[in-house]
Amino acid sequence: MCRFLAYAGDPILLEDLVCKPSHSLVKQSLSAVQARTVTNGDGFGIGWYGERPEPGVYREVMPAWSDENLLSLCANVRSRCFLAHVRAATGGGIARQNCHPFHHGRYMLIHNGQIGGYAKLRRTLEGQLPDALFEHRRGATDSELLFLLIVQQLDAGLSAPKAIQHVLGSTLQAMQQAGIDEPLRFAAALTDGTTLWAIRWASDDQPPSLYTKPQAGGWAIASEPLGDDSEHWTPMAPGQVVRVSGGGDGEGGVRGAELCELDRR
């Protein structure tokens, strides 16, 4: 099980959440608490928005705890919206192109979960992608494939929750038609640099953990609390979507986080 975090709000240094907390994401890469896999050392990635609509992304296959470049980057980059992820590989192999976040145009996604029986479905699901998005596929993970399928629906005009719901529903239907009994699990964060959506969902009512916490001027979302203030982190309920407005307008204050239910099919 991977670990991740996301932030949207007033610009902050990446290290304020990625590195500095007592149970930061970097420390979770070596010693996670709420995951089946304690060590998440099969690569990491971080993506952030600056002055351009498209995000900057840094991904590497080495463990996050041993990359000095990551620490230096996080200490010097300030962003209004960023995603970070440490990986425990469940499929697709250990390679840079399989590390999160996945990005296309202005969109980015990080994911913790699985498509049950993915090897049986991969060809079918990839066949649903239009040529332009299939050509953008770089890795072999189910996470990247789900992201591109979601982008396809976003490009068709669906809202982010509806796009996610459509993809999860059609994927679950394909699993059922193939006689797959393994679960579909999807804890994820998706952003376009202005709005951040976090989703906690599973077909078996056992979605990976996901928490929200207000920050000074924004919101943080993480697979598990980042420090000793665990009582201030609110667990998301299964089936919930959290929408957080982006920051960067210089006005300060906490942005609202709106909740809605993601239907289970």
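The analysis underlying the following values was restricted to heavy atoms, covering all of them including side chains, and did not include hydrogens, waters or symmetry mates.
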Given side chains that start at C-beta, do those of Leu196 and Ile221 come closer than 4.5 Å, heavy atoms only? yes
Here the pair of heavy atoms bringing Lys27 nearest to Ser22 is CD-O, 3.2 Å
Indicate yes or no for a side-chain donor-acceptor contact from Asp16 to the backbone of Ile12 under 3.5 Å, with no hydrogens or angles considered. no
OH on Tyr118 to CE on Met175, rounded to 0.5 Å: 12.5 Å
Heavy-atom side-chain contact between His166 and Lys162 under 4.5 Å: no
Looking at CG of Leu154 and CG of Leu149, how far apart are the two atoms once the value is rounded to the nearest 0.5 Å? 11.0 Å
Are His100 and Phe102 close enough that their ring centres sit under 6.0 Å apart? yes
Using side-chain heavy atoms (C-beta onward) and a distance below 4.5 Å, is Pro207 in contact with Trp201? no
Quick one: CD on Glu182 to CZ on Arg185, what's the gap to the nearest 0.5 Å? 9.5 Å
Residue pair Cys81 / Gly193: nearest heavy atoms and the distance that separates them: CB-O, 4.1 Å
Would you say the side-chain atoms of His85 pair up with the backbone N or O of His111, donor to acceptor, closer than 3.5 Å? yes
Quick one, Val244 with Thr195, criterion side chain to side chain contact (heavy atoms under 4.5 Å, CB included). Give me CA distance, side-chain angles, the key distance, then yes/no. CA-CA 6 Å; Val244 182; Thr195 304; over 6 Å; no
Can you give me the closest heavy-atom contact between Ala198 and Met236, atom names plus distance? O-CE, 3.6 Å
Between Cys74 and Val18, is there a side-chain heavy-atom distance shorter than 4.5 Å? yes
Between Ser72 and Glu68, is there a donor-acceptor pair closer than 3.5 Å when you use the side chain of the first and the backbone of the second? no
Ion pair present between Glu144 and Arg137, side-chain N to carboxylate O less than 4.0 angstrom? yes
Before giving the answer on side chain to side chain contact (heavy atoms under 4.5 Å, CB included), spell out for Val57 and Trp48 the whole-Å C-alpha distance, their side-chain angles and the decisive distance to 0.1 Å. CA-CA 7 Å; Val57 175; Trp48 67 95; 5.7 Å; no
For Leu184, is there any backbone N or O sitting under 3.5 Å from a side-chain donor or acceptor partner on Ser203? yes
Distance only, no hydrogens: is a donor on one side chain within 3.5 Å (strictly under) of an acceptor on the other, for Tyr58 and Asp67? yes
Verdict with supporting geometry, Ser159 and Gln153, side chain to side chain contact (heavy atoms under 4.5 Å, CB included): CA-CA 8 Å; Ser159 67; Gln153 299 305 315; over 6 Å; no
Hey, could you give me the CD1/CG distance between Ile46 and Leu14, rounded to the nearest 0.5 Å? 4.5 Å
Heavy-atom check, side chain of Val86 versus side chain of Cys2, under 4.5 Å: no
Donor-acceptor pair, distance only, cut-off 3.5 Å: does the side chain of Arg78 make one with the backbone of Ala75? no
So CG of Leu129 and NE2 of His136: to nearest 0.5 Å the spacing works out to 11.0 Å
4.5 Å side-chain heavy-atom contact, Leu210 and Phe4: yes
To the nearest 0.5 Å, atom CD1 of Ile110 lies from atom OG of Ser143 at 10.5 Å
When you look at Gln152 and Leu148, which way does the side chain to side chain contact (heavy atoms under 4.5 Å, CB included) test go after all the steps? CA-CA 6 Å; Gln152 179 183 9; Leu148 292 175; over 6 Å; no
Tell me whether Asn98 contacts the main-chain N or O of Ala140 through its side chain, where contact means a donor paired with an acceptor under 3.5 Å. yes
Output yes when a side-chain donor or acceptor of Ser79 lies under 3.5 Å from a complementary backbone atom of Tyr49, and no otherwise. yes
Given side chains that start at C-beta, do those of Cys99 and Glu60 come closer than 4.5 Å, heavy atoms only? no
Please tell me whether Leu158 and Val241 are part of a single hydrophobic cluster in this structure, the criterion being side-chain heavy atoms less than 4.5 Å apart. no
Treating Ile, Leu, Val, Met, Phe, Trp and Tyr as nodes and any side-chain heavy-atom pair under 4.5 angstrom as an edge, say whether Leu83 and Leu13 lie in one connected cluster. no
Side-chain contact test, heavy atoms from C-beta onward, threshold under 4.5 Å: evaluate it for Tyr211 versus Leu226 and give yes or no. no
Quick one, Glu15 with Lys20, criterion salt bridge (charged side-chain N to carboxylate O under 4.0 Å, His left out). Give me CA distance, side-chain angles, the key distance, then yes/no. CA-CA 6 Å; Glu15 70 173 2; Lys20 282 187 172 182; 3.4 Å; yes
Salt bridge or not for Arg80 and Asp10, using N-O below 4.0 Å? no
Sidechain-backbone polar pair: Arg200 side chain, Gln240 backbone, donor-acceptor under 3.5 Å: no
Connected via hydrophobic side-chain network under 4.5 Å: Ile180 and Leu125: yes
